[in-house]
Amino acid sequence: GENVEQHPSTLSVQEGDSAVIKCTYSDSASNYFPWYKQELGKGPQLIIDIRSNVGEKKDQRIAVTLNKTAKHFSLHITETQPEDSAVYFCAVPYSGGGADGLTFGKGTHLIIQP
Amino acid sequence: KAGVTQTPRYLIKTRGQQVTLSCSPISGHRSVSWYQQTPGQGLQFLFEYFSETQRNKGNFPGRFSGRQFSNSRSEMNVSTLELGDSALYLCASSDTENTEAFFGQGTRLTVV
């Protein structure tokens, strides 16, 4: 399966500041890059995704950028709020470009300091 | 529209026993995938089913198996349980390839 590395493992930011989480992957055939948010006691929830034919996608305070040449993609959260505190996971298709199933990064624990 | 439903939510089993977990996908979704989540290894892909066929399998021993029924509901089975199988088991459903996967709340399995 695909390999994906996620950094940092923990990120603490002041409320209102921006947060950036980065992931790198190994299979150049990967064509789908989702980000998930997991709150305590719940399953992961998709917050944004991007496909390989675009370089950036934005949804209100959340954006994802993709660099296919360098094989990395990043999650950007602006104007952070207390409810953004959670664990965030990046993912890529388990088999590169086909079939279903995801390989996840190890997660980033985002802490929003009041 | 109802979300992904996993049953049971919590399970305690003894080493050596076997266990079956159930997942009901969102209505109309034909793909169901399973994941194991532990503090040490994170979220790891187990297998994926589409229209009753296993299309993809992660790197887990043969003690882990699954199946999907004609109504897209899926079960996973773990035989000869080991302490290290204690984890949160998550199921996700999606309607086609590489589209949003919706997760259930998971089944918390504890092996004692």
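A quick note: this is a predicted structure, and the numbers were derived from the prediction, not measured. The chains referred to below are lettered A, B, ... by the order of the sequence lines, with proteins before strands, and numbering in each begins at 1.
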In terms of heavy-atom pairs under 4.5 Å with chain A, which of B:A101, B:G106, B:G42 leads? B:A101
With a 4.5 angstrom heavy-atom cut-off, which part of B:F47 approaches chain A: side chain, backbone, both or neither? neither
Pick whichever of B:W34, B:F102, B:Y35 has the most heavy-atom pairs under 4.5 Å with chain A. B:Y35
At a 4.5 Å cut-off on heavy atoms, which part of B:Q6 comes close to chain A: side chain, backbone, both, or neither? neither
Against chain B, label A:P44 side chain, backbone, both or neither, depending on which of its atoms sit under 4.5 Å from a heavy atom there. both
Any chance CD of A:E5 has more than 12 other-residue heavy atoms, nucleotides or ligands included, within less than 6.0 Å? no
Answer yes or no: does atom CD of B:Q17 have more than 12 heavy-atom neighbours from other residues, nucleotides or ligands under 6.0 Å? yes
Check the orientation of B:F103 and A:Y36. Use parallel for under 30°, tilted for 30 to 60°, and perpendicular for over 60°. perpendicular
More than 12 foreign heavy atoms under 6.0 Å from CG of A:L40: is that the case here? no
Nearest-0.5 Å distance, OH of residue A:Y94 to NZ of residue B:K57: 8.5 Å
Crowded around B:I12 CD1? As in, over 12 foreign heavy atoms under 6.0 Å? no
Might you confirm whether atom CZ of A:R61 has over 12 heavy atoms from other residues, nucleotides or ligands at distances under 6.0 Å? yes
When the 4.5 angstrom heavy-atom criterion is applied to A:Q38 and chain B, the contacting part is side chain
Grouping I, L, V, M, F, W and Y whenever their side-chain heavy atoms are under 4.5 Å apart, do B:Y89 and B:Y49 come out in a common cluster? yes
If you count heavy-atom pairs under 4.5 Å between each of B:R108, B:Q44, B:Q41 and chain A, which one has the most? B:Q41
Taking every heavy atom of B:Q37 against every heavy atom of A:F89, the minimum-distance pair comes out as NE2-CZ, 3.6 Å
Atom CD of residue position A:Q45 - does it have more than 12 heavy atoms of other residues, nucleotides or ligands inside 6.0 Å? no
Value rounded to 0.5 Å, distance of OG in B:S94 from CG in A:L102: 8.5 Å
Just checking A:E83: does its CD atom have more than 12 heavy atoms from other residues, nucleotides or ligands closer to it than 6.0 angstrom? yes
What part of B:L43 is in contact with chain A, defined as an atom under 4.5 angstrom from a non-hydrogen atom: side chain, backbone, both or neither? both
